[in-house]
Amino acid sequence: MRGKPLYPFLVTAFLGILLMIVLSFVGNVQQAEIAQEGEEGENGEAEEQEFDDPIELGEHVYEQNCLSCHGGDLEGGSGPALNDGSYDQEAILTAIEEGPGSMPGGLVSGEEAEAVAEYILNENE
């Protein structure tokens, strides 16, 4: 064992670490591209869904913003249950706007907030 036996190991370690950094960078770039493609339609533009029925819009907005806390059937979870019929449209809109308790206020507004209120009231009928 003459010379410098550590050099081959250091070179191998350096190349391995460099390879991991390069692959991580490439993976992050590809992940961002894949996520962007998922949001775009066939023509490369972001697709916007249009709903003729406000209840369908409300359901869509609810699924995107409310479902994780209030549950799929409005049964509650980390947020209160919304399926007991104790809320009227004004109370729902106020809650969406102000965000009572740990709920953040202003998650949705305007037409979307009204559609969510209609969806919740419709589900409670």
Side-chain angles (χ1 to χ4, degrees):
M1 290 227 207
R2 292 190 177 151
K4 309 217 184 226
L6 286 180
Y7 283 139
F9 296 111
L10 291 175
V11 169
T12 303
F14 176 76
L15 290 175
I17 292 170
L18 183 64
L19 181 64
M20 286 189 297
I21 292 171
V22 168
L23 291 176
S24 295
F25 178 75
V26 169
N28 283 336
V29 169
Q30 287 180 344
Q31 180 182 13
E33 289 173 358
I34 290 170
Q36 185 177 8
E37 287 175 8
E39 294 174 358
E40 296 177 351
E42 293 177 16
N43 59 1
E45 296 178 9
E47 282 187 43
E48 289 188 26
Q49 291 182 322
E50 293 186 19
F51 297 92
D52 294 330
D53 182 15
I55 293 175
E56 287 179 11
L57 173 61
E59 180 179 16
H60 175 75
V61 173
Y62 178 88
E63 288 172 355
Q64 299 297 316
N65 297 286
C66 312
L67 184 133
S68 61
C69 295
H70 294 286
D73 292 327
L74 310 175
E75 74 275 5
S78 60
L82 302 174
N83 60 359
D84 59 5
S86 63
Y87 300 98
D88 62 3
Q89 185 162 2
E90 185 177 325
I92 295 169
L93 290 173
T94 301
I96 291 171
E97 182 180 313
E98 297 176 2
S102 63
M103 178 179 158
L107 287 175
V108 294
S109 60
E111 180 183 334
E112 290 183 342
E114 291 175 12
V116 169
E118 286 185 46
Y119 167 70
I120 292 170
L121 293 172
N122 184 63
E123 290 296 302
N124 284 315
E125 290 180 350

**Prompt:** So does E111 have more than 12 non-hydrogen atoms from other groups sitting under 6.0 Å from CD?
**Reply:** no

**Message:** Please check if the number of heavy atoms outside N122 that lie under 6.0 Å from its CG is greater than 12.
**Reply:** yes

Could you tell me which non-hydrogen atom of [X] sits nearest to which non-hydrogen atom of [Y], and how far apart they are?
X	Y	result
L67	G72	CD1-CA, 3.7 Å
P54	A115	O-CB, 3.3 Å
Q89	L121	CB-CD1, 3.7 Å
S86	D84	OG-OD1, 2.9 Å
A95	P100	O-CD, 3.3 Å

When rounded to the nearest 0.5 angstrom, what is the spacing between [atom1] in [X] and [atom2] in [Y]?
X	Y	atom1	atom2	value
D88	I120	CG	CD1	11.5 Å
L23	L18	CG	CG	9.5 Å
H60	D53	NE2	CG	13.5 Å
Q64	E59	CD	CD	11.0 Å
E114	L93	CD	CG	6.0 Å
H70	Y62	NE2	OH	6.5 Å

**Asked** With side chains defined as the heavy atoms from C-beta onward, is the minimum distance between P80 and Y87 less than 4.5 Å?
**Response** yes

**Request:** Keeping the roles fixed (side chain from N124, backbone from L82), state whether a donor-acceptor pair exists under 3.5 Å.
**Result:** yes

**Prompt:** Does L107 share a hydrophobic cluster with L57, counting links as ILVMFWY side-chain heavy atoms below 4.5 Å and allowing steps through other members?
**Reply:** no

